Protein chains: 2
Amino acid sequence: MRMSEGVEWGLHCCLVLSWLDDLAPLPVGRLAEVFELPPQYLKKQLQPLAKAGILASEPGARGGYRLAREPEAITLMDVVAAIEGGVDPFRCTEVRRRGAGTLAEAGEFAHPCGISVAMRKAELAWRRELAGQTVADLLAAAPPAAAQRARRFVQRVA
Amino acid sequence: MRMSEGVEWGLHCCLVLSWLDDLAPLPVGRLAEVFELPPQYLKKQLQPLAKAGILASEPGARGGYRLAREPEAITLMDVVAAIEGGVDPFRCTEVRRRGAGTLAEAGEFAHPCGISVAMRKAELAWRRELAGQTVADLLAAAPPAAAQRARRFVQRVA
DNA sequence: GCGAGACTACTCGGATATATTTTGTCCGAGTTCTCAGGG
DNA sequence: CCCTGAGAACTCGGACAAAATATATCCGAGTAGTCTCGC
């Protein structure tokens, strides 16, 4: 089980876009330079965020990405769901119905599989924690020097 | 992000091995028949559980797998960690140090990355829930008919 | 000097290859049971 | 009839392919800025 690195990139980019809100929209190329990431692939990772309404994109020259909402309104769950697709890590394939399960009576499978319930309970706790933290919280925790450095870096390159 | 189906299979097999404890050790072939799973691949998935001390394996004829501990002593976290390798789904690649981060002062990275901390907090909640549930809990929640059916099925095939 | 128009440069969006992980299969080492032969 | 010993069958363990997913790259559609030409 491995989360896509796009989640890490996306969150870092949300922070930078918050810091450089007055310079928006910011092209992907600039964002990529800030973290030395492959620009094309970073763009591919940010596209789902735009589609999910977390980022707003502007085409054409002088275009780029900006935050579509206030940092307080963007939860980590939003970002993870947008990039990972919002599917459960654990996927019940109803193994219980196969093999010996084919001999079961009809009503037995009315209740969901206990293993699935247990795993989903754990994932719910995970989601609850993700939904309880916002990009604004990350901004508060980040060192102020990083924000200033990112700003100078982007302006220097420009 | 997708959890290996080996987790689902492993947990179901733990249940069956609990139900059929007096028939142990049970070969993988029998377990595979109970759920119509590819026997060789199921074996591959159960091997990490044996290595982790959750299952005990016996080689040779009349060999097979049995539970190495009481169901009360096997948590879902144990099974997930054994099969998934115990690594964090989110992996911080220290992106903050690259690009603009190379200009930072030395002490700034003494504190861990805030994004990493946030993600780890969520994963901790997930792990806590997994560690709080045992195979014994799954046994209690499973329909009694399933246990009897599995027993009859295995004995019939034999 | 000023305005209109076409051109160029730059942006995002989606379609196309490569790498890596997951899934699935195969062969070898070891142990137990079976069965034939001898006492 | 009982014991001994060799053979055969069955088990797990780890090494070897195939498929699926994630990673990385390229090309096309569209927009803003710019430069030239005409008035």
Side-chain angles (χ1 to χ4, degrees), chain A residues 1-10 13 17 23-33 35-66 68 80 82-85 87 89-91 93 95 154 157-158, chain B residues 1-10 13 17 23-33 35-66 68 80 82-85 87 89-91 93 95 154 157-158:
Chain A
M1 183 172 46
R2 188 174 161 185
M3 181 172 287
S4 166
E5 58 190 342
V7 172
E8 182 185 12
W9 296 4
C13 287
L17 288 173
L23 301 178
L26 204 62
V28 164
R30 290 290 156 73
L31 281 170
E33 287 169 353
F35 299 114
E36 279 185 73
L37 298 176
Q40 301 281 26
Y41 186 37
L42 175 61
K43 177 161 63 67
K44 184 186 180 77
Q45 296 286 27
L46 295 185
Q47 279 176 1
L49 294 180
K51 198 173 293 183
I54 296 167
L55 301 184
S57 66
E58 298 188 13
R62 290 275 187 169
Y65 287 101
R66 73 173 77 238
V80 170
I83 292 179
E84 291 291 335
V87 298
F90 178 88
R91 260 164 271 188
T93 61
V95 159
V154 169
V157 174
Chain B
M1 183 171 47
R2 187 176 162 187
M3 181 173 289
S4 167
E5 57 190 343
V7 172
E8 182 186 11
W9 295 3
C13 287
L17 289 173
L23 301 178
L26 204 63
V28 165
R30 291 290 156 75
L31 281 170
E33 286 168 355
F35 299 113
E36 279 185 74
L37 299 176
Q40 301 282 26
Y41 186 37
L42 176 60
K43 178 160 62 69
K44 185 187 178 79
Q45 296 285 25
L46 295 184
Q47 280 175 2
L49 294 180
K51 199 172 293 182
I54 296 168
L55 301 184
S57 66
E58 298 188 15
R62 291 274 186 171
Y65 287 101
R66 74 173 75 239
V80 170
I83 292 180
E84 290 291 334
V87 298
F90 178 87
R91 259 165 270 189
T93 61
V95 159
V154 168
V157 174

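Predicted model only: the values in this text are computed from it and were never measured. In what follows, chains are A, B, ... by sequence order, proteins preceding strands, each numbered from 1.
- Legend: ring-ring contact (aromatic ring centres under 6.0 Å, His included) pairs involving residues 35-59 of chain B, not counting sequence neighbours, sorted by first then second residue: B:Trp9-B:Tyr41, B:His12-B:Phe35.
- Heavy atoms of A:Met3 sit nowhere under 4.0 angstrom from any nucleic acid atom.
- The environment of B:Arg62 atom CZ is sparse: at most 12 non-hydrogen atoms of other residues, nucleotides or ligands sit within 6.0 angstrom.
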List, with names and distances, any nitrogen or oxygen atoms from the protein found under 3.5 Å away from nitrogen or oxygen atoms belonging to nucleotides 29-31 of chain C.
unit_1 : atom_1 : unit_2  : atom_2 : d
C:dT31 : O2     : B:Ala61 : N      : 3.4

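- No hydrogens or angles considered: nothing links the side chains of A:Thr93 and B:Glu5 as a donor-acceptor pair under 3.5 Å.
- Residue A:Arg62 is the one, among A:Arg62 and B:Ser4, whose nearest nucleotide of DNA chain C lies closer to the 5' end (criterion: closest heavy atom).
- For the atom pair CG of A:Leu42 and CD of A:Gln47, the computed distance is 10.0 Å after rounding to the nearest 0.5 Å.
- Side-chain atoms of B:Arg91 and A:Met3, non-hydrogen and from C-beta on, never get closer than 4.5 Å to each other.
- Close to C:dT11, at under 4.0 Å from its OP1 or OP2, lies no side-chain N or O of A:Ser57.
- Using a distance-only test at 3.5 Å, with no hydrogens or angles considered, no donor-acceptor pair links the side chain of A:Gln45 to the main chain of A:Val7.
- Within residues 36-50 of chain A, the residues having any heavy atom under 4.0 Å from DNA chain C are, by residue number, A:Lys43, A:Lys44, A:Gln47.
- Taking every side-chain heavy atom of A:Arg2 into account, C:dT21 is the closest of D:dC12, C:dT11, C:dT21.
- B:Arg66 and B:Glu58 are joined by a salt bridge, as a carboxylate oxygen and a charged side-chain nitrogen come within less than 4.0 angstrom of each other.
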